[in-house]
Every structure is written in structure tokens, then in C-alpha cells.
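A quick write-up on the structure given underneath.
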2 protein chains.
Amino acid sequence: MPSEPSAPSEPFPGSRPTLEAVAARAGVSRATASRVVRGGAGVREALAEKVRGAVAELGYVPNHAARTLVTRRTGAVAVIIAEPEVRIFSDPFFSRQIRGISRELSAHDTQLVLLLLDGPGDHDRLARYLAGGHADGALAFSLHTDDPIPAIIRRAGMPTVYGGRPAADPAAVRYVDADNRGGARAAVRYLRGLGRRRIAHIAGPLDQTSALDRLDGYREEQAPGADPALIAEGAFTVESGALAMAELLARCPGLDAVFAANDLMASGALRVLKEHGRTVPGDVALVGFDDMDAVAEVTDPPLTTVRQDVEGMGRLMARLLLRDLGRARPEQGGVRPEGDVRPEDGIRPEDGSAPASVITPTTLIRRASA
Amino acid sequence: MPSEPSAPSEPFPGSRPTLEAVAARAGVSRATASRVVRGGAGVREALAEKVRGAVAELGYVPNHAARTLVTRRTGAVAVIIAEPEVRIFSDPFFSRQIRGISRELSAHDTQLVLLLLDGPGDHDRLARYLAGGHADGALAFSLHTDDPIPAIIRRAGMPTVYGGRPAADPAAVRYVDADNRGGARAAVRYLRGLGRRRIAHIAGPLDQTSALDRLDGYREEQAPGADPALIAEGAFTVESGALAMAELLARCPGLDAVFAANDLMASGALRVLKEHGRTVPGDVALVGFDDMDAVAEVTDPPLTTVRQDVEGMGRLMARLLLRDLGRARPEQGGVRPEGDVRPEDGIRPEDGSAPASVITPTTLIRRASA
DNA sequence: TTGTAAGCGTTATCAC
DNA sequence: GTGATAACGCTTACAA
């Protein structure tokens with residue numbers, strides 16, 4: 001005997017209506033009801049209409065667990081963020097990226113499960129989570145050279161896209177990164193165009209590829225044989241920028257420009273420059289990186305800086321992953337093999353090898369500091 | 001005939017081992033294997049040991065969907081953030097709160113599903129999501145007076161805790177909020193203690209309770225009959241703060257202090273004060289709110305401001321919700337009825353009525369601007 | 001096109 | 001204590 005002879009037109013308090021109830025209500029089999037709920041291909045319109053009616057009256061919503069159990073697809077993507085450093089949350093970088101990711105995922109009815117790892121203790125949890133089949137794919141941010149997380153993810157064997165080029169074996173994975181090197185070059189070139197000749201650099205922590213790439217870009221635009229004393233390493237924080245600046249002033253009192261690897265460090269540098277009686281941009285021109293508006297627009301003077309489209313990068317990460325999951329966006333037109341990502345989205349890395357990673361462009365934003 | 005006669009000692013490539021396989025391997029029934037996997041109460045130690053061995057050898061991880069299907073518990077909590085305004089992501093407020101939430105949830109093996117709503121178009125998606133039984137409870141941030149989201153959540157009928165006091169019917173829901181009024185009072189009191197007498201206020205958008213409460217606090221500490229022209233409304237952004245400051249200077253050139261409802265507006269105000277030739281804190285003392293370090297430590301001079309423990313508030317939200325879900329933390333000691341939240345965590349609202357909401361304390365952080 | 005029925009991997013209710 | 005066995009709600013061959 002099938003469930004209720006006649007389902008109530010209002011959803012039950014507590015237990016939600018099942019497909020069985022919808023089928024009964026519409027006078028069809030569960031199979032047909034299921035077909036209609038999933039798009040209705042191959043069902044006579046008359047019946048489909050009845051089923052849709054029943055769905056509406058009953059307020060039916062598919063049970064996700066049941067569906068996942070049989071399809072083996074969760075409709076969810078894990079976003080993995082390791083945060084050994086507090087820094088991550090004192091700048092809006094991740095927020096922005098996540099917003100881009102979220103937008104793209106929800107456009108494809110995919111849920112975002114956020115995994116914030118607090119330290120090595122959480123690695124087990126991550127492994128268990130991925131193994132448990134909670135998510136169909138993963139988006140991860142590669143932070144440090146020696147991060148064990150990529151290995152854990154690889155072991156889980158699910159499609160993954162990284163945010164930022166991983167330090168280890170970047171050719172083996174898919175990633176989306178800003179054109180850090182190009183952005184740095186543009187910054188230095190701009191300073192040179194201003195007539196500056198003794199351009200210092202405050203680098204980020206050199207176990208992160210973004211910091212390394214910016215340093216590389218800086219070096220490439222320097223006059224050959226430039227003084228290595230013009231480079232100081234910071235940690236992407238305000239304080240470290242201040243420290244580095246003090247060090248640079250001591251070593252090279254004659255510097256007339258500074259390119260800092262991010263805005264936070266630039267703001268620290270700015271403070272120290274003022275304390276030492278240097279005017280900005282008069283005595284020293286200053287350029288940052290990130291265009292983190294909460295900082296760059298707030299300093300005095302506001303920072304000239306290199307902008308990266310963080311939200312766009314997030315969207316791109318999600319899009320790449322969805323493609324791997326076989327859920328490329330339909331409204332985007334036909335999906336060309338390896339072609340979902342259009343030229344405007346970024347620049348392909350030279351190698352052009354298997355996992356098509358994407359490098360997104362940066363722009364120099366002129367404000368008052370240089 | 002049951003599945004494999006003898007399971008392989010290495011996990012299959014592709015399909016993961018099931019409980020059935022573990023049971024077979026250990027020579028017990030599926031029921032017993034299940035008991036062990038879930039804690040092993042009521043199973044002879046010898047057998048339990050065998051099962052644990054099989055689990056380890058096979059690399060067994062429970063299938064989440066199957067478990068959810070029968071227990072009707074997902075082990076996930078939805079975190080709902082509406083972001084009509086870009087502001088949300090240009091300040092680290094949500095990032096911090098989410099980190100607190102994440103920490104508490106993962107300590108209880110609960111997943112965080114992030115729902116970022118991009119506008120009214122996403123309301124359907126939210127309703128469907130909640131109805132689909134993806135999550136056991138919800139954490140939401142109430143942003144505006146007329147937000148329809150609370151109604152949607154209520155209709156879904158799941159335990160919910162709000163971040164920030166909702167404008168509508170706050171007594172009907174559980175929430176965690178900072179002591180905005182108290183913080184504002186402390187700020188103004190401090191300015192008065194400095195000998196300032198014409199203290200202006202740059203309020204936040206008055207359709208948010210946080211802005212309202214800060215305004216109330218300001219008013220309460222003002223000398224009775226203070227000039228209402230000393231109040232200007234902003235929008236929690238740098239630019240709006242600048243605009244408000246210009247307006248205030250025009251209306252009340254004699255002002256000697258400003259209390260801004262957040263740091264971003266304070267920084268905008270600071271810029272305008274300088275442009276008008278006023279020194280800070282010499283001519284005008286300035287106090288912000290939030291202690292958003294990326295801003296408060298970066299301005300010149302750094303901001304004196306009111307700090308709220310955002311991460312702690314996030315943790316508290318999660319803890320309250322977990323309690324409602326019957327998953328109060330064990331290591332916290334016995335769970336007293338309505339008593340999981342200790343006094344140090346915050347101040348109970350006066351009413352003391354049913355949904356025990358929590359108000360967390362604020363602290364004045366002295367820097368150079370006042 | 002539509003219906004029947006066999007799972008999907010667990011948990012939970014019983015007997016034993 | 002332990003083991004059959006019936007759900008849980010859905011998708012999907014396979015038949016009709």
C-alpha cells in the first residue's frame with residue numbers, strides 16, 4: 001500500500017513531502033515524478049504539468065542526501081583555506097576571492113563548503129572530510145612552500161583548482177594567479193618613468209610565490225647591476241613594512257622610490273618615511289600592490305598601487321573547477337575543449353601544458369603617492 | 001550473496017569501501033561494525049578491536065549521504081550572509097566572524113556551508129536550500145531593517161542564531177551583538193574626559209541597529225540639550241565619512257572632537273579635517289569604532305577606537321547554535337540549562353526572556369588620534 | 001512514454 | 001552483545 005491516499009495540500013509540520021507523495025498526488029509513478037523534477041525530458045507535457053502542480057501544492061523539495069546517495073554527486077565544492085597567519089583575515093583578499101567563487105558556484109547550483117584550517121591538527125579533519133565524499137571538488141589556496149595540504153588533497157583524488165601558483169610542481173595542478181611579475185614590472189617601470197633611479201623594493205615573505213614573482217618583476221626592470229642593498233624582505237604586514245623601510249633608509253639613504261609588495265607594507269613604509277622627514281611623493285615615490293581599498297585610499301597620501309582583480313580570480317577558479325566537474329556553464333555557449341576560459345580572462349602561461357592554468361592581468365592605479 | 005568474500009587490503013581505486021566490507025573483513029555483522037564506528041558502546045572489546053583494525057586497513061570513511069539519509073542530520077550549518085553592499089567585503093568584519101564560527105564548528109565536527117546572497121534573486125535559492133535539508137541550523141547576519149531573509153529562515157523552521165540584533169522583533173530570536181551602545185558611551189565619555197565639549201558624531205546608516213545603538217550611546221553621554229547639528233549620517237564607507245565631516249565642519253566650525261561610528265568613516269573624516277587645516281588630535285580629537293587594524297593602525301595619526309571582539313562573537317554564535325542542535329561542547333563541562341554561555345562571554349540583555357541572546361563587551365583602544 | 005523494481009550505504013528496531 | 005532486516009528518499013536500468 002502506498003503512503004498517504006491523498007496528501008495534504010499544506011506541507012506537513014516537521015517531515016517534508018517526499019517524491020512518493022508528489023507522485024501519488026499527481027497520479028503517476030515515482031519514476032515519472034522524478035523525471036519531471038529533474039527537468040522533465042521524455043515526459044508527456046500533460047503529465048509533467050500535473051507533477052509540477054503537485055510539487056507546488058505540496059511544497060516539495062528534493063532530499064539532498066537521498067539524491068547524493070545514489071548519484072554520488074554532492075553538488076558541493078570545498079573551499080580550503082589554511083590560515084597559519086593572522087594576516088589572511090586582516091586583509092580582504094580572501095573575502096573578495098570567496099565572493100567571486102560564491103557567485104560562480106551559486107550560478108551553477110553548487111554549494112560552497114568552507115574549510116578553514118587552523119593548523120596541522122586540522123589536517124586529519126581535512127583528509128577525512130574529503131574522503132567522506134562531502135564535496136565533488138576542491139578549491140584551495142596555496143600559501144607556503146612547504147604546505148602539506150596539496151598532498152592531502154591529491155591523495156583524496158578530486159578535481160582541484162588552486163588560487164595562486166603552488167610552489168611545488170605548479171605544472172601538475174591547475175591554478176589561477178595574478179600576473180604578479182608583470183604587475184611588479186609595471187610598477188617599477190612607472191617609477192623609472194617618473195625619473196626615479198634609486199628604487200628600493202620591500203619584498204613579501206619569500207616562501208610565497210606571489211612575493212617571489214613580484215621580486216622577480218622588480219629585478220627585471222632594474223638597471224643591470226643595481227644595488228642589492230635596495231631589497232628588504234617583509235612579511236606582508238604593516239609592521240614588517242615599517243621595519244623594512246627603516247632598514248632600507250639606513251642602508252641606502254639616497255633612495256628616491258620604493259615599490260612595496262603589498263599595500264599593507266607600503267603603509268608601514270609610508271609611516272617610517274614620514275618619521276624620517278621624507279616627503280611622499282616629493283622625496284620618495286611609493287607604490288604598493290593589491291589595491292586593497294581599505295588601505296590604499298586611507299593612507300595620506302593615498303597609494304599608487306597595482307590592482308589585481310581578486311573577485312574575478314575567484315570566479316575563474318570556480319569556473320575552471322566546474323568545467324572539470326562536467327558542469328560548465330551552459331549560458332556561456334558551447335564548451336570548447338580546454339576552451340572555457342576566454343582570452344579576456346587572462347593570459348595562458350607559456351608552457352601551455354595539460355592543466356590549463358590562468359594568469360590574470362594587473363593594472364596600475366595612480367593615486368598620490370607616486 | 002554478500003559483496004566481496006574478502007575485501008582487498010588496499011582501498012579500491014574509485015569506489016570507497018563500505019561498512020559492509022569492513023564487517024566482512026572483521027567477521028562481524030554490519031550492525032556491529034556500525035556500532036563500533038560510531039563509538040563502540042555495547043560491543044565486546046575483542047570484536048571492537050577487530051573492527052577498528054578493518055577500518056584502518058581498508059581506509060574506511062563513513063558515507064555521509066547515507067548517514068544523513070537515515071539520521072536526518074547533516075552535520076552542517078549554513079552561514080547566511082546578504083551582501084547588498086560592497087562594504088561588507090572591504091572590511092574584515094565578516095572574515096573575522098567567520099573564522100570564529102569556523103573554529104567553533106570544526107571543534108564539533110560540524111561543517112560550515114557558506115551562503116552568500118547577491119540580491120533578492122537569491123532568496124529562492126536560499127529557501128530551497130534550507131528546505132532541502134542541507135543543514136541542521138543557520139547562522140545569519142541581520143543587516144537591514146527591511147531584510148526579508150529572517151522571514152525566509154523562520155519559514156524553514158530551523159534553529160538559528162543571528163549576528164547583530166535584528167531590527168524587527170529582536171526578542172523573538174537569538175542573537176549575538178556587541179555592546180554598541182556601551183562602546184559609544186565609552187568613546188564619548190573618554191572625549192569628554194579629554195576636556196572636549198563640542199563633540200560631533202558621524203553615524204552609520206540608520207537602518208542598521210549597530211549604527212542606531214552607537215548613536216544612542218553618543219546621545220546618552222552628551223550634555224543635555226546638545227546641538228543636534230553635531231550629528232551627521234554616513235554609510236560606513238570612507239567617502240561617506242569624508243562627506244559627513246565636511247558637512248559637520250560647515251555646520252559647526254567650533255567642534256573639537258568627532259566620534260565616528262566606524263573606523264572607515266573616521267579615516268574619511270581624518271582626511272577632510274586635515275584638508276581643512278585642523279590638526280588631529282590637537283584641534284579635533286577623533287575616535288572610531290571597530291578597531292579594524294588594517295585601517296586604524298594605518299592612518300596618520302593612528303585611530304583611537306572602540307574594539308569589539310568579532311571573532312569571539314562568531315564563536316559565541318556557533319556555540320549557541322550548537323547548543324540548540326543538542327551538540328553543546330562536552331569539554332566545556334556539564335551543560336547547565338540555558339547556561340552554556342558563561343558570564344565572561346558577555347552581558348545578558350535586561351529582559352532575560354526566552355531566547356538567551358548575548359551582548360559582548362567592547363574596549364576602548366587608545367592610539368594617537370584622541 | 002510510463003511503470004516496476006533494484007539498489008545507493010547507513011542507522012535503528014527488533015529478535016535471538 | 002550480536003545479527004537479521006526494514007527503512008531512509010531518491011535515481012535508473014529494464015520492462016512493458
Side-chain angles (χ1 to χ4, degrees), chain A residues 1-4 7 11-12 14-51 54-55 58-75 131-134 136, chain B residues 1-4 7 11-12 14-51 54-55 58-75 131-134 136:
Chain A
M1 194 189 320
S3 57
E4 350 277 353
F12 261 130
S15 87
R16 312 208 55 88
T18 70
L19 194 55
E20 184 76 43
V22 172
R25 178 83 171 180
V28 301
S29 75
R30 214 166 58 221
T32 298
S34 173
R35 291 183 188 109
V36 174
V37 165
R38 284 168 356 210
V43 177
R44 228 183 325 164
E45 184 51 28
L47 278 194
E49 200 50 61
K50 268 188 175 173
V51 172
V55 165
L58 264 38
Y60 170 77
V61 177
N63 178 309
H64 182 243
R67 182 174 276 181
T68 295
L69 183 54
V70 46
T71 61
R72 295 159 172 295
R73 279 185 52 269
T74 64
H134 297 239
D136 302 330
Chain B
M1 198 188 316
S3 58
E4 351 275 354
F12 260 130
S15 86
R16 313 209 53 89
T18 71
L19 196 54
E20 183 77 43
V22 171
R25 178 83 171 180
V28 300
S29 74
R30 215 165 57 223
T32 297
S34 175
R35 290 185 188 106
V36 174
V37 166
R38 284 170 349 208
V43 176
R44 227 180 327 159
E45 185 50 30
L47 280 193
E49 200 49 61
K50 268 189 176 170
V51 172
V55 165
L58 264 39
Y60 169 78
V61 178
N63 179 308
H64 183 243
R67 180 175 277 181
T68 295
L69 183 54
V70 46
T71 60
R72 293 157 173 298
R73 279 183 55 267
T74 65
H134 292 80
D136 302 330

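Naming: A, B, ... by sequence-line order, numbering from 1 per chain. When reading the values below, keep in mind they use all heavy atoms of this one structure, side chains included, and skip hydrogens, waters and symmetry mates.
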If I take atom [atom1] in residue [X] and atom [atom2] in nucleotide [N], what distance separates them, rounded to the nearest angstrom?
X	N	atom1	atom2	answer
B:Glu49	D:dT2	CD	P	13 Å
A:Leu19	C:dG7	CG	P	20 Å
B:Leu69	D:dC10	CG	C1'	8 Å
B:Arg73	C:dT10	CZ	P	16 Å
A:Glu20	C:dA5	CD	P	13 Å
B:His64	C:dT11	NE2	P	11 Å
A:Leu47	C:dT2	CG	C1'	8 Å
B:Arg16	C:dG9	CZ	P	12 Å

Just verifying a value: how many Å separate [X] [atom1] and [Y] [atom2], rounded to the nearest 0.5 Å?
X	Y	atom1	atom2	result
A:Asn63	B:Arg72	CG	CZ	7.5 Å
A:Thr18	A:Leu58	OG1	CG	8.5 Å
B:Arg73	B:Arg67	CZ	CZ	9.0 Å

Phosphate OP1/OP2 of [N]: any [X] side-chain N/O under 4.0 Å:
X	N	answer
A:Ser34	D:dT11	yes
A:Thr71	D:dT11	no
B:Arg67	D:dC8	no
B:Arg44	D:dT2	yes
A:Ser29	C:dG3	yes

Residue [X], side-chain atoms from C-beta onward, closest of [options]:
X	options	value
A:Thr32	C:dT11, C:dG3, D:dG9	C:dG3
A:Val70	C:dT4, C:dC8, C:dT10	C:dC8
B:Val43	D:dT2, C:dA5, C:dA12	D:dT2
A:Arg35	D:dT11, C:dT2, C:dT10	C:dT2

Legend entry - Side chain proximity check, A:Val43 to A:Thr32, heavy atoms < 4.5 angstrom: yes
Inset, instruction - For residues B:Val37 and B:Val55, determine if any side-chain heavy atom of one lies less than 4.5 Å from a side-chain heavy atom of the other. - result: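 Yes; the side chains approach each other to less than 4.5 Å.
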Legend entry - Comparing B:Ala66 and B:Glu45 on DNA chain D - which has the more 5′ nearest nucleotide: B:Glu45
Inset, instruction - Would you classify A:Arg72 as touching base, sugar-phosphate or nothing, given that sugar-phosphate means primed atoms plus P, OP1 and OP2, and contacts are heavy atoms under 4.0 Å? - result: sugar-phosphate
Inset, instruction - Would you mind classifying the nucleic acid contact of B:Arg38 as base, sugar-phosphate or nothing, using non-hydrogen atoms under 4.0 angstrom? - result: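 B:Arg38: backbone/sugar contact only, no base atoms under 4.0 Å.
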Inset, instruction - Could you pick out which residue, A:Ala48 or B:Arg30, lies toward the 5' side of DNA chain C when each is mapped onto its nearest nucleotide? - result: A:Ala48
Legend entry - Donor-acceptor contact below 3.5 Å, side chain B:His64 vs main chain A:Ala65: no
